[in-house]
Structure formats: C-alpha cells, structure tokens
Asks: 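Here you go, one structure.
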Amino acid sequence: MSEEKETLNFIEHIIEEDLKTTHNKEGLCFRFPPEPNGYLHIGHASSICLNFGLGLKYNAPVNLRFDDTNPAKEEQRFVDAIKKDISFLGYSWTKECYASDYFQQLYDWALLLIKEGKAYVDSQSSEDIANQKGTPTTLGVAGPYRTRSVSENLDLFEQMKTGDAPEGAHVLRAKIDLESSNMLMRDPVIYRTLHKHHHRTGTDWKIFPMYDWTHGESDYIEQISHSFCTLEFLPHRELYDWFLDQLVDPVKLRPKQREFARRNLSHTLVSKRKLARLVEEGVVQSWDDPRMPTISGLRRRGYTAASIKNFAEGIGVGKRDNLIDVSRLEFSIREDLNKKANRVMAVLDPVKVIITNYPEGETEWLEAENNQEDPEAGHRQVPFSRELYIEKEDFREEANKKFFRLKLGKEVRLKNAYIIKAEGCVKDEDGNITEIHCSYDPKSKSGSGTQESLRKVKGTLHWVAIKEAIPVEVRLYDRLFTDPSPDTHKDKDFMDFVNPDSLTVITGYAEPSLKELAVEDTVQFQRLGYFTVDPETTEDEMVFNRTVSLRDSWARLAE
RNA sequence: UGUCCCAUGGUGUAAUGGUAACACUCCGGUUUUUGGUAUCGUCAUUCUAGGUUCGAGUCCUAGUGGGACAACCA
C-alpha cells in the first residue's frame with residue numbers, strides 16, 4: 001500500500017542536495033517575509049504553503065518576518081490582516097520578526113561598509129543617479145560623489161540619520177561595479193532618508209534601509225537556511241550574495257536565496273499593488289470582497305483553508321511562467337465542500353407551483369438527509385404544503401426527452417417529498433408562466449418505502465414551501481476580469497478588462513432551517529452550488545455568497 | 001542590440017541518462033431521489049537542428065519562442 005514513490009519538486013531537490021553536502025537537518029530554517037502594505041492573495045498562499053510546508057516536512061522552524069522598511073506604504077492593519085490570514089490557513093510561525101527590529105544592526109553594518117570604502121553617500125538627485133546607472137545595454141558611469149572620503153561619508157551619513165540633512169538630500173550607496181551587466185550591482189542605493197512615521201519605530205529612524213540591503217541580512221540574522229522568493233528576484237541574488245560576502249561570519253550559517261515562479265491565476269490578478277488599485281478605485285468594496293483573490297476574500301467567499309492548501313499543493317511549484325486555470329481552484333473547493341457541506345434547498349429564480357390535490361392550509365414536515373456523503377451529518381425537517389416555489393428553468397410546457405425536469409403531463413420527483421405531475425399552467429398577458437398546477441401522488445412520499453415512492457422518475461427538483469420559506473439575499477459572483485490574463489497586455493491596462501457583471505444580487509427563498517446557520521457556515525443549495533453566510537448578515541436578512549456553482553453538465557447540453 | 005532565466009498534452013506538475021506519468025479541463029459510458037458525487041473510459045505531451053552516449057525529456061552547442069533587468073518600491 002505504501003509503495004507510491006515520493007516525487008520531489010525542485011525546491012525539495014535543492015534541500016535534499018544541500019542536506020547531502022553543506023547543511024545538516026538541524027540547521028534548516030525557513031521564513032515567510034511579507035511586506036505589510038496590503039492583504040495576502042492566493043499567490044502568497046502558495047508561498048505560505050511552500051515555506052510552512054517545508055517546515056512541517058523537515059521539522060524546521062519557519063519565521064514570519066514583516067519586511068517593513070518603507071513607512072510610506074506600510075500599516076499596522078496590514079500586519080494584523082496578514083497574521084490572521086496565515087492563522088486561518090492553519091499555520092503557526094516559530095518567531096514573529098520585523099525587519100525594523102534589525103535597523104540598528106543594519107546601521108552598524110552600513111557603518112562598517114563605509115569604513116571599508118564599500119559604501120558612499122551620494123548627494124545627487126534620483127534622476128541623475130538613474131541616468132548615470134546607464135541601461136541594460138549601456139554601461140554606467142561614476143558620479144561626482146563616488147570618491148568621497150570615509151570621514152565625509154561618515155559625517156554625511158550621520159546627518160542623514162539624525163535628520164539634520166533634509167529629507168531626500170542624500171542616499172547611501174554600496175560601491176560595487178557601475179559596469180556590471182547586472183543593473184542591480186551598479187552601486188545600488190542601500191539607505192534613503194524618510195521623515196515619516198513608521199508603524200513600529202515611530203520617528204526613531206530617519207533613514208530606512210532598502211530591500212536588498214535588508215532582506216539577506218535579515219535572513220542571516222535569523223539564520224535562515226533557505227530564502228525562497230519569486231523569479232523576479234533572481235537578478236537580486238548576485239547582490240544578496242555580495243552583501244553577505246561583506247559581513248558573514250564563516251562559523252555561522254550562510255543563507256541562500258533560491259527562486260520559484262509566481263503562481264498566476266486566470267481571470268484575476270496576483271499582485272498586491274494591482275489589487276490595491278481595485279480597492280482604491282472602488283472596483284471592489286474592500287480587500288476582503290468575495291471577488292478578490294485575497295485569502296480573506298476567498299475565505300469570505302466560502303473557500304476553506306483545506307481547499308486552498310490542496311490547491312497550492314496540487315499545482316506544485318516550478319520555474320516557468322504559468323497561468324493556472326481558475327477551474328483548478330474551483331475543483332479544490334468543490335472537492336472539499338462536497339464532503340463537508342450540508343445540503344439544503346433554496347430557490348433563486350422562483351415560479352409558483354400549486355399542488356391542486358393537496359389540502360389547503362396544511363403543512364407537513366418531511367425528513368431530509370443533510371449530507372449523503374456524510375452519514376454522521378444527520379437529518380432535518382423541511383415543511384411541505386400546497387403552494388411551493390421551484391426554479392423557473394425547471395419547468396417547460398413542452399420539451400424533448402433530454403429535458404428531465406417538469407413538463408406538462410409528465411412526472412418529476414420533489415427532493416425529499418413527493419412525485420408530482422404537471423397538469424397545467426397559468427400565464428400573464430405577456431405569456432410568462434405565473435403558476436404551475438400539479439397533482440401529487442400521496443403514496444410516493446420519499447423514504448416511505450412504498451411501491452409508489454420507489455418508482456423510477458428521471459428528474460428530481462429542489463423546492464421550498466412558500467409559506468415557510470425565508471427570503472434571503474444571495475450574491476452571485478462571476479470572474480473579476482473578462483480576460484484570462486488581464487495584466488499581461490502591453491498596450492492595455494488591466495482595468496480595461498474588469499468584468500462589469502462580476503456581482504449579481506438577488507433575493508432567493510430558502511427552507512427555514514437556514515436560520516440556524518452562523519456567519520461563515522457553508523451549505524450546498526441543492527442542485528445549485530455552495531453558499532456561505534456573509535458577515536453582513538443581519539437579524540432581518542441573511543446574506544449568502546455563492547462560493548462556487550455545482551458542475552453543470554446540463555447547462556452545456558442545453559447550450 | 002547586452003546579461004540572465006525558462007521551454008514536457010488545452011492547463012499545472014512529475015520522471016538516479018534506461019517503457020514519458022499524475023491531476024485538472026474537455027468528451028463519452030455506468031450508477032444516482034442533486035443533470036451533483038462516485039466510478040470506468042477516450043483524445044492529447046518532451047520547441048527545432050546538430051552533438052555526446054549502447055541509450056537523451058534529462059548532458060553539450062546553436063537556433064527559435066517566452067520572460068526578467070534601467071524605483072530614494074518590495
């Protein structure tokens with residue numbers, strides 16, 4: 001039974017190789033390093049599952065480290081949201097770290113660089129610096145301040161730190177190689193002045209380290225063995241290593257950066273900064289809008305942690321550009337919810353059915369199975385009476401043999417109830433059907449075991465008794481963008497592809513048992529899809545988000 | 001007119017240099033009180049050209065295609 005061969009992804013191959021050569025198992029340590037400038041999305045979920053999954057697999061620590069070096073964009077509320085999302089996914093971090101905790105150490109090391117002539121203060125404008133850097137195809141040239149003396153550099157850097165120098169007047173640059181084919185090695189800026197309030201250090205610091213100077217050194221301080229990031233940082237690796245070269249103690253573990261491809265999801269965006277635009281420009285309500293591919297949006301939509309983790313593990317990790325079809329994500333949530341979600345009945349586009357031979361004013365309570373996939377889920381009672389709602393699309397006056405639903409003169413089963421036959425219908429002056437008149441077979445009650453109840457009827461419909469039904473608000477979601485890859489068009493902005501119909505709000509009618517549900521509970525509206533209770537639910541009205549529809553092979557058949 | 005990265009079915013991911021596999025999607029059958037689920041099955045894959053080798057998806061070279069790199073962002 002246990003002979004399936006374990007296949008490793010390329011990240012695991014790297015670790016296994018390191019374990020054979022340079023590392024020992026006790027030294028393994030990973031980290032997840034978000035910048036608190038927005039909410040985490042499904043792409044981060046992949047990274048979280050990768051890093052924390054590695055921690056679990058190798059029994060190694062995994063730190064959560066906030067890369068908080070830019071007070072202009074970062075906020076405490078994002079820190080809180082990020083922690084909540086990771087916890088929701090079911091992971092716990094070994095240490096909660098902040099790059100800002102290392103500001104003093106980073107500063108001390110910067111002093112060292114200056115003293116060794118490996119860093120200098122540049123007092124030019126950012127435009128001049130950029131121009132001197134050249135382009136990917138032309139070499140950079142030295143600026144006038146590159147040869148400043150150590151003491152002058154020390155003095156100026158001190159003024160930057162104290163705030164005596166005006167904001168933006170100087171930067172500290174590493175002195176590396178202006179002719180490198182790697183633009184990042186052309187004397188990168190490592191400190192800039194920012195007279196802004198930082199969410200953790202307040203106004204203590206007036207200088208803030210740049211990403212490249214911060215990240216690898218933070219990894220080193222935390223003794224992270226493997227620092228995994230996305231492909232866009234591949235050119236940064238050379239710099240990462242150069243910085244480490246300047247200060248690493250050979251006795252200590254030297255972290256290594258390796259890169260994997262970001263996971264792109266079709267018909268949405270996997271970029272915090274672009275998602276921020278959707279929020280800022282009001283395309284969606286908030287970061288946790290159920291249409292958003294954020295972890296909190298998916299959660300509100302009804303996605304479970306298990307489904308997100310299964311998705312992340314299922315798609316794996318690689319090094320090539322990719323576009324994962326959103327159907328893979330939908331598969332994950334259906335798979336999970338099929339096992340977990342109780343079945344209930346709700347009608348979203350109602351038409352009235354009158355059971356003409358059923359006594360007026362009577363209500364009987366029928367037993368219904370909560371989830372046939374889970375025998376432990378138990379049963380509940382649903383009311384049945386003379387006037388019901390069914391879906392409009394479940395009735396046709398005439399139809400061919402492929403239409404298994406209700407049609408004139410034919411029988412259909414009402415789920416958990418009786419077999420009915422359509423006898424006639426009433427229309428308004430426009431020809432719209434307003435009432436369907438049916439007869440029912442009293443001996444056909446579901447579960448009664450009678451001959452009549454056992455007879456084969458091709459179609460089974462869901463329904464609600466009108467009198468007992470509760471009206472609920474139902475929010476139906478469609479893909480956020482009409483284009484599979486909205487942000488990869490050179491001549492068009494992704495905003496051009498926003499789907500104007502990504503949200504439809506309707507009123508549905510549900511069986512009364514739904515009143516028992518709490519926020520974030522998810523059920524299957526039988527034959528329709530999975531729906532979860534939204535936090536905006538009030539005493540007066542329940543609000544449901546459609547998580548995902550059921551697979552619908554009829555829809556394809558019917559064109 | 002640079003440097004670097006990548007290339008396996010429609011999609012994503014596997015395969016100590018030794019029979020190209022798994023999942024999703026699509027399509028079809030069976031079962032079914034959800035046109036759901038389950039289950040069975042069909043179609044479909046190593047970018048091109050050389051080279052190394054008994055043997056190449058894997059190693060080498062070139063080409064082709066795609067991507068990244070010129071923030072006081074991360």
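Below, chains carry the letters A, B, ... as their sequence lines are ordered, and counting in each starts from 1.
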Asks: Closer to the 5' end of RNA chain B via nearest nucleotide, is it Leu184(A) or Asp122(A)?
Replies: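 Looking at RNA chain B, the more 5' nearest nucleotide goes with Leu184(A).
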Asks: Has the side chain of Ser446(A) got a donor or acceptor atom sitting under 3.5 Å from an opposite partner on the base of U33(B)?
Replies: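 Such a pair exists between side chain and base.
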Asks: Is any side-chain N or O of Arg527(A) closer than 4.0 Å to OP1 or OP2 of G35(B)?
Replies: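 Answer yes for this pair, as a side-chain N or O of Arg527(A) is under 4.0 Å from OP1 or OP2.
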Asks: Categorize Gly140(A) for me: base, sugar-phosphate, or nothing, with a 4.0 angstrom heavy-atom threshold over every strand shown.
Replies: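 The answer is nothing, as Gly140(A) stays clear of every strand by at least 4.0 Å.
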Asks: I'd like the C1' distance from U19(B) over to C27(B), given in whole Å.
Replies: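 Their C1' atoms lie roughly 28 Å apart.
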Asks: Go through the N and O atoms of the side chain of Glu373(A) and the base of G36(B), and report whether any donor-acceptor pair is under 3.5 Å.
Replies: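 Side chain to base: pair present.
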Asks: For the pair made of CG in Asn264(A) and P in U13(B), what is the distance, rounded to whole Å?
Replies: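 Those two atoms, CG and P, are 11 Å apart.
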Asks: Strictly below 4.0 Å: does Lys456(A) bring a side-chain N or O up to OP1 or OP2 of U33(B)?
Replies: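 Yes, within the criterion.
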Asks: Could you state the atom-to-atom distance from NZ of Lys415(A) to P of G36(B) in whole Å?
Replies: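 Distance, rounded to whole Å: 13 Å.
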Asks: If you apply the rule salt bridge (Lys or Arg N to Asp or Glu O under 4.0 Å), what do you find for Arg405(A) with Glu391(A), and how did you get there?
Replies: CA-CA 10 Å; Arg405(A) 287 114 100 134; Glu391(A) 301 288 345; over 6 Å; no
Asks: Rounded to whole angstroms, how far apart are CG on Asp212(A) and C1' on A71(B)?
Replies: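 Going from Asp212(A) (CG) to A71(B) (C1'), I get 11 Å.
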Asks: Ignoring hydrogens and angles, does a donor from either the side chain of Glu369(A) or the base of U33(B) sit under 3.5 Å from an acceptor on the other?
Replies: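 Flag unset: no donor-acceptor pair detected.
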Asks: Separation of Leu178(A) atom CG from C69(B) atom P, in whole Å?
Replies: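 Checked: the CG to P distance equals 20 Å.
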Asks: Rounded to the Å, how far apart are Glu232(A) CD and C6(B) P?
Replies: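 Checked: the CD to P distance equals 16 Å.
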Asks: What integer distance in Å separates Leu323(A):CG from U13(B):C1'?
Replies: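 Interatomic distance, CG of Leu323(A) to C1' of U13(B): 15 Å.
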Asks: Which of these nucleotides, U3(B), A74(B), U33(B), is closest to any side-chain atom of Glu35(A)?
Replies: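 Looking only at side-chain atoms, Glu35(A) lies closest to A74(B).
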Asks: Counting only side-chain heavy atoms from C-beta out, which of A70(B), G35(B), A74(B) sits nearest to Asp67(A)?
Replies: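 My answer, after comparing the listed nucleotides, is A74(B).
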Asks: When rounded to the nearest Å, what value does the distance between C1' atoms of C47(B) and G57(B) take?
Replies: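 Between the two C1' atoms, the distance is 12 Å.
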Asks: Mind checking Glu12(A) for me? I need base, sugar-phosphate or nothing, with any heavy atom below 4.0 Å counting as a touch.
Replies: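 If one applies the 4.0 Å heavy-atom cut-off, Glu12(A) turns out to touch nothing in the nucleic acid.
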Asks: If the threshold is 4.0 Å, N to carboxylate O, is there a salt bridge linking Glu511(A) and Arg380(A)?
Replies: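 Arg380(A) and Glu511(A): salt-bridged.
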Asks: When you measure from the side-chain N and O atoms of Arg192(A) to the phosphate of A74(B), is any distance below 4.0 Å, counting only OP1 and OP2?
Replies: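 Checking A74(B) against Arg192(A), a side-chain N or O does come within under 4.0 Å of OP1 or OP2.
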Asks: Which part of the nucleic acid, if any, lies within contact of Asn416(A), taking any heavy atom under 4.0 Å across all strands shown: a base, the sugar-phosphate backbone alone, or nothing?
Replies: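 Base contact.
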Asks: Any side-chain N or O of Arg262(A) under 4.0 Å from OP1/OP2 of A68(B)?
Replies: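 Answer is no, no contact under 4.0 Å.
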Asks: Considering heavy-atom distances to RNA chain B, does Gly316(A) or Lys319(A) have its closest nucleotide positioned more toward the 5' end?
Replies: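 Result of the comparison: Lys319(A).
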Asks: Is there a stack between Tyr211(A) and A74(B), judged by ring centres under 5.5 Å and planes under 30°?
Replies: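 Here Tyr211(A) fails the 5.5 Å or the 30° condition.
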Asks: Quick one: is G35(B) close enough that its OP1 or OP2 comes under 4.0 Å of any side-chain N or O from Lys401(A)?
Replies: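 It does not, given that no N or O in the side chain of Lys401(A) lies less than 4.0 Å from OP1 or OP2 of G35(B).
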Asks: Taking atom types as they are modelled, is there a donor-acceptor pair under 3.5 Å from the base of G12(B) to the side chain of Arg263(A)?
Replies: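 There is none.
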Asks: Is the closest side-chain donor-acceptor distance between Ser327(A) and Asp325(A) under 3.5 Å?
Replies: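 Yes, a side-chain donor-acceptor pair sits under 3.5 Å.
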Asks: Of the listed nucleotides (U25(B), U33(B), A74(B)), which one gets closest to any side-chain atom of Ser327(A)?
Replies: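 The closest nucleotide is U25(B).
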Asks: Walk me through it: do Thr203(A) and His197(A) pass the test side chain to side chain donor-acceptor pair (under 3.5 Å)?
Replies: CA-CA 5 Å; Thr203(A) 54; His197(A) 182 270; over 6 Å; no
Asks: According to a strict under-4.0 Å criterion, is Ser553(A) in side-chain N/O contact with OP1 or OP2 of G36(B)?
Replies: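 Checking G36(B) against Ser553(A), a side-chain N or O does come within under 4.0 Å of OP1 or OP2.
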Asks: So, the side chain of Arg31(A) versus the backbone of Asn51(A): is there a donor-acceptor pair under 3.5 Å, distance only?
Replies: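 Not a single qualifying donor-acceptor pair exists.
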Asks: Give the nucleotide from the list A74(B), C72(B), U25(B) with an atom nearest to the side chain of Arg551(A).
Replies: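 Minimum distance to the Arg551(A) side chain belongs to U25(B).
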Asks: Within the pair Lys133(A) and A70(B), is there a side-chain N or O less than 4.0 Å away from OP1 or OP2?
Replies: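 For A70(B), OP1/OP2 do not have a side-chain N/O of Lys133(A) under 4.0 Å.
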Asks: When you measure from the side chain of Val171(A), which nucleotide among C72(B), G2(B), A74(B) comes out closest?
Replies: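 The answer is C72(B), which lies nearest to the side chain.
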Asks: Expressed as a whole number of angstroms, how long is the span from Leu528(A):CG to G35(B):P?
Replies: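 Rounding to the nearest Å, CG of Leu528(A) and P of G35(B) are 10 Å apart.
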Asks: As a test of reading the structure: which of A23(B), G35(B), G12(B) is closest to the side chain of Arg328(A), going by heavy atoms?
Replies: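 So the nucleotide nearest the side chain must be A23(B).
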Asks: With a 6.0 Å cut-off on the ring centroids, do Tyr220(A) and Phe243(A) count as close?
Replies: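 Tyr220(A) vs Phe243(A): aromatic centres not under 6.0 Å.
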Asks: Can you check the distance between U58(B) and C43(B), where both ends of the measurement are the C1' atom (answer in whole Å)?
Replies: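 One C1' to the other, the span is 27 Å.
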Asks: Going by side-chain hydrogen bond (donor to acceptor under 3.5 Å, both in side chains), Ser332(A) matches just one of Arg328(A), Glu335(A), Arg334(A). Which one?
Replies: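 Of the listed residues Arg328(A), Glu335(A), Arg334(A), the side-chain hydrogen bond (donor to acceptor under 3.5 Å, both in side chains) partner of Ser332(A) is Arg328(A).
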Asks: Leu550(A) has a side chain; which of G12(B), U34(B), A15(B) sits nearest to it?
Replies: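 Of the options given, the side chain of Leu550(A) lies nearest U34(B).
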Asks: Considering just the side-chain nitrogens and oxygens of Ser266(A), establish if one lies under 4.0 Å of OP1 or OP2 belonging to U11(B).
Replies: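 It does not, given that no N or O in the side chain of Ser266(A) lies less than 4.0 Å from OP1 or OP2 of U11(B).
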Asks: With a 4.0 Å limit, can you tell me whether His13(A) has a side-chain N or O closer than that to the phosphate oxygens OP1/OP2 of A15(B)?
Replies: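 Result: yes.
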Asks: Using purine N1 to pyrimidine N3 plus N6-O4 or O6-N4 for Watson-Crick, or N1-O2 and O6-N3 for G-U wobble, each under 3.5 Å, what pairs with U33(B)?
Replies: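 Paired with no nucleotide.
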Asks: With both distances kept under 3.5 Å, what pairs with G18(B), Watson-Crick or G-U wobble?
Replies: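 For G18(B), the partner nucleotide comes out as C54(B), under the 3.5 Å rule.
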Asks: Is the shortest side-chain N to carboxylate O distance from Glu411(A) to Arg455(A) below 4.0 Å?
Replies: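 Here Glu411(A) pairs with Arg455(A) in a salt bridge, since their nearest N and O are under 4.0 Å apart.
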Asks: Going through the distances and angles, do Phe311(A) and Phe331(A) end up as a ring-ring contact (aromatic ring centres under 6.0 Å, His included)?
Replies: CA-CA 8 Å; Phe311(A) 171 74; Phe331(A) 165 78; over 10 Å; no
Asks: State which of C72(B), G35(B), G67(B) makes the closest approach to the side chain of Arg405(A).
Replies: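 My answer, after comparing the listed nucleotides, is G35(B).
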Asks: When you get a sec, tell me which of G67(B), U34(B), C69(B) is the closest nucleotide to the side chain of Asp321(A)?
Replies: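 When the side chain of Asp321(A) is considered, G67(B) is the closest of G67(B), U34(B), C69(B).
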Asks: Just call it for Phe233(A): base, sugar-phosphate, or nothing, with non-hydrogen atoms closer than 4.0 Å on any strand.
Replies: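 Result for Phe233(A) = base.
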Asks: Taking only side-chain nitrogens and oxygens of Arg343(A), does any of them come within less than 4.0 Å of OP1 or OP2 of U33(B)?
Replies: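 Answer no for this pair, as no side-chain N or O of Arg343(A) is under 4.0 Å from OP1 or OP2.
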Asks: Name the residue from Tyr211(A), Phe228(A), Phe260(A) that meets the ring pair (Phe, Tyr, Trp, His ring centres under 6.0 Å) definition with Phe233(A).
Replies: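 When ring pair (Phe, Tyr, Trp, His ring centres under 6.0 Å) is applied between Phe233(A) and each of Tyr211(A), Phe228(A), Phe260(A), only Tyr211(A) qualifies.
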Asks: Any strand is fair game: report the nucleotide pairing with A70(B) by Watson-Crick or G-U wobble, both distances under 3.5 Å, or none.
Replies: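 Per the H-bond distance test, none.
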Asks: Between the side-chain atoms of His236(A) and the base atoms of A74(B), is any donor-acceptor pair under 3.5 Å?
Replies: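 Pair found.
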Asks: With a 3.5 Å limit on both atom pairs, tell me what A7(B) is paired to, counting Watson-Crick and G-U wobble, or say none.
Replies: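 Its partner is U64(B) (Watson-Crick or G-U wobble, both distances under 3.5 Å).
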Asks: Take the protein atom CD of Glu127(A) and the nucleotide atom P of C72(B), then report the distance between them rounded to whole Å.
Replies: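 Atom CD in Glu127(A) sits about 9 Å away from atom P in C72(B).
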Asks: Which nucleotide sits closest to the side chain of Phe404(A): C4(B), A71(B), G35(B)?
Replies: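 Of the candidates, G35(B) comes closest.
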